[in-house]
S.K.: 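Could you have a look at this structure, given as structure tokens, before my questions?
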Amino acid sequence: IRIEVWLPPAETWNGKFLGTGNGGAGGVISYPALANGLAKGYATTNTDMGTTTTGLDFTFGVGHREMVVDWGYRATHLMTQVAKQVAKSYYNRDPQQSYFMGCSTGGHQALTEARRYPEDYNGIVAGDPANNRVRLHMVGYWNYEATHNDPASYIPTTKLPMINRAVLDACDKIDGVGDAIIDDPRKCRFDPATIACKGSDSADCLTAPQVAALKKIYQGPRNPRTGETIFPGMYVGSEVNPLGLDRTLANAPDSGRPSPAPGLAIWTNWKGPAYDWDKDATMVINELSPVLDDADPDLTAFRRRGGKLLLYTGW
């Protein structure tokens with residue numbers, strides 16, 4: 001686990017400590033996060049989370065259980081402990097307050113700290129936290145199956161703006177304001193069948209298999225035996241958001257590229273290639289959740305010590 005600690009001179013130190021989060025699979029030190037903290041006078045630290053891949057490449061965990069644990073929670077905690085020791089050695093005193101701030105995977109790190117290690121920080125900011133992580137990572141594969149198992153169900157990315165316009169036409173003014181923003185997607189009852197092709201396929205409509213695929217995407221992963229929602233589906237109005245359906249639909253069925261593995265299942269005993277959304281999904285959740293999921297909302301221990309947690313996210 002690699003960490004860096006950046007310390008302002010004693011005369012400009014604000015007396016506080018700042019742990020910062022990473023993104024995606026980690027694998028690198030986030031220098032912008034360190035520079036931002038240092039510029040504000042904080043003793044600042046960041047970690048590569050102990051992994052060997054970056055971005056959205058999560059293959060680091062294949063056959064490396066200890067890296068999964070590092071990424072899940074251990075690296076952030078050990079970073080915090082060591083960096084505080086370094087800062088105390090340099091300044092000859094403990095920080096007045098200790099804060100953590102991160103977004104996405106950094107938000108995951110933030111919630112992990114609040115639940116598992118409530119003594120590490122006085123205040124925590126968790127931005128867009130990638131929470132309930134094992135189930136979250138299944139969504140992309142669910143969407144891929146919906147649009148790729150049957151080539152006829154594939155929705156070209158060129159149709160996403162058309163779908164988004166239809167959603168806005170149906171739901172934009174529910175809040176009384178026509179501003180191209182759906183105030184609360186949960187109130188939108190958009191039915192993809194309303195843009196079904198009346199005749200042959202064209203750029204401004206969806207074929208019957210495409211309609212069925214889009215309904216499945218909005219529904220989200222479900223256990224076919226119990227009907228349980230594994231994770232919520234994509235909200236209506238998000239069709240053109242970056243890192244959304246554009247990624248899922250980037251590889252057409254005839255691209256020759258293999259289908260992606262179902263999320264973090266590649267870290268488990270799942271062998272594939274078929275994925276059973278009852279048996280396999282349950283196995284993956286049971287195997288990885290103790291390491292990766294901090295969806296438990298009980299933060300009593302953090303609150304008892306006077307800890308403050310701020311969360312922000314968007315539709």
Side-chain angles (χ1 to χ4, degrees), residues 24 55-56 104 128 130 135-224 227 229-263 273-275 277 281 313-315:
L56 297 179
S104 193
D128 299 328
R135 295 169 181 254
L136 168 66
H137 279 243
M138 293 183 181
V139 174
Y141 190 69
W142 173 270
N143 294 346
Y144 185 89
E145 280 195 345
T147 54
H148 287 72
N149 276 0
D150 175 10
S153 65
Y154 175 73
I155 302 172
T157 55
T158 53
K159 288 194 176 186
L160 293 180
M162 177 272 296
I163 298 171
N164 184 250
R165 286 193 301 271
V167 172
L168 291 176
D169 288 344
C171 299
D172 176 18
K173 295 183 180 179
I174 289 178
D175 59 354
V177 181
D179 54 3
I181 296 173
I182 299 176
D183 182 62
D184 186 346
R186 295 170 300 180
K187 297 178 181 178
C188 179
R189 296 293 180 264
F190 172 72
D191 183 356
T194 59
I195 52 174
C197 298
K198 300 298 189 288
S200 58
D201 187 13
S202 68
D204 59 356
C205 65
L206 297 177
T207 65
Q210 290 171 344
V211 168
L214 188 58
K215 287 183 177 180
K216 193 172 182 181
I217 289 169
Y218 290 144
Q219 168 193 289
R222 285 188 183 175
N223 184 307
T229 295
I230 295 174
F231 199 85
M234 293 185 65
Y235 274 117
V236 290
S238 65
E239 298 78 20
V240 294
N241 286 6
L243 298 181
L245 280 178
D246 57 340
R247 285 180 50 82
T248 298
L249 301 173
N251 298 334
D254 59 358
S255 66
R257 297 174 181 171
S259 64
Y275 191 72
W277 287 93
T313 190
W315 286 116

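These values consider heavy atoms only, across backbone and side chains, with no hydrogens, waters or symmetry-generated copies.
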S.K.: With rounding to the nearest 0.5 angstrom, report the OG to CD distance, S259 to E145.
M.R.: 8.0 Å
S.K.: By the disulfide (SG to SG under 2.5 Å) test, which pairs, at least two apart or in different chains, include something from residues 157-188?
M.R.: C171-C188
S.K.: Between C205 and A196, which heavy-atom pair has the shortest distance, and what is it?
M.R.: CB-C, 4.1 Å
S.K.: Are the side chains of D175 and I182 in touch, meaning some heavy atoms are under 4.5 Å apart?
M.R.: no
S.K.: Can you name the closest pair of heavy atoms from P209 and S153 and give their distance?
M.R.: O-CB, 3.7 Å
S.K.: Once rounded to the nearest 0.5 Å, what's the spacing between atom CD1 of I155 and atom OG1 of T147?
M.R.: 6.5 Å
S.K.: Please determine if D179 and K173 form a salt bridge, counting it only when a charged side-chain N lies under 4.0 Å from a carboxylate O.
M.R.: no
S.K.: Would the distance check show the side chain of D172 and the main-chain N or O of G178 forming a donor-acceptor pair, the cut-off being under 3.5 Å?
M.R.: no
S.K.: Below 4.5 Å, heavy atoms only, C-beta onward: do Y218 and F190 meet side chain to side chain?
M.R.: yes
S.K.: Identify whether the distance between the nearest side-chain nitrogen and carboxylate oxygen of K159 and D201 falls below 4.0 Å.
M.R.: yes
S.K.: Considering non-hydrogen atoms only, spot the tightest contact between A281 and M138 and give its length.
M.R.: O-CE, 3.7 Å
S.K.: Of all heavy-atom pairs between K215 and D191, which one has the smallest distance, and what is that distance?
M.R.: CE-OD1, 3.3 Å
S.K.: Is it true that a side-chain atom of N143 and a backbone atom of T248 form a donor plus acceptor pair closer than 3.5 Å?
M.R.: no
S.K.: Answer yes or no: is there a donor N or O on one side and an acceptor on the other, between the side chain of R222 and the main chain of T229, under 3.5 Å?
M.R.: no
S.K.: Hey, can you tell me if Y275 and W277 have their rings parallel, tilted or perpendicular (30° and 60° cut-offs)?
M.R.: perpendicular
S.K.: Between V240 and I163, is any pair of side-chain heavy atoms under 4.5 Å apart?
M.R.: no
S.K.: Are the side chains of V139 and P221 in touch, meaning some heavy atoms are under 4.5 Å apart?
M.R.: yes
S.K.: How long is the span from the CG atom in N164 to the CG atom in N241, to the nearest 0.5 Å?
M.R.: 8.0 Å
S.K.: Sub-3.5 Å donor-acceptor pair from the side chain of R189 to the main-chain atoms of R186, do we have one?
M.R.: yes
S.K.: Short question: side chain of Q219, backbone of I217 - any donor-acceptor pair under 3.5 Å?
M.R.: no
S.K.: At their closest point, which heavy atom of P151 faces which heavy atom of P253, and how far apart are they?
M.R.: CA-CG, 4.1 Å
S.K.: Answer yes or no: is there a donor N or O on one side and an acceptor on the other, between the side chain of W142 and the main chain of K216, under 3.5 Å?
M.R.: yes
S.K.: Of all residues at least two apart in sequence or in a different chain, which pass the ring pair (Phe, Tyr, Trp, His ring centres under 6.0 Å) check with Y154?
M.R.: H148
S.K.: Between the side chain of D246 and the main-chain N/O of G244, is any donor-acceptor distance below 3.5 Å?
M.R.: yes
S.K.: Which atom names give the shortest non-hydrogen contact between L160 and E239, and what distance separates them?
M.R.: CD1-O, 3.7 Å
S.K.: If you apply the rule side chain to side chain contact (heavy atoms under 4.5 Å, CB included), what do you find for I174 with D183, and how did you get there?
M.R.: CA-CA 8 Å; I174 289 178; D183 182 62; over 6 Å; no
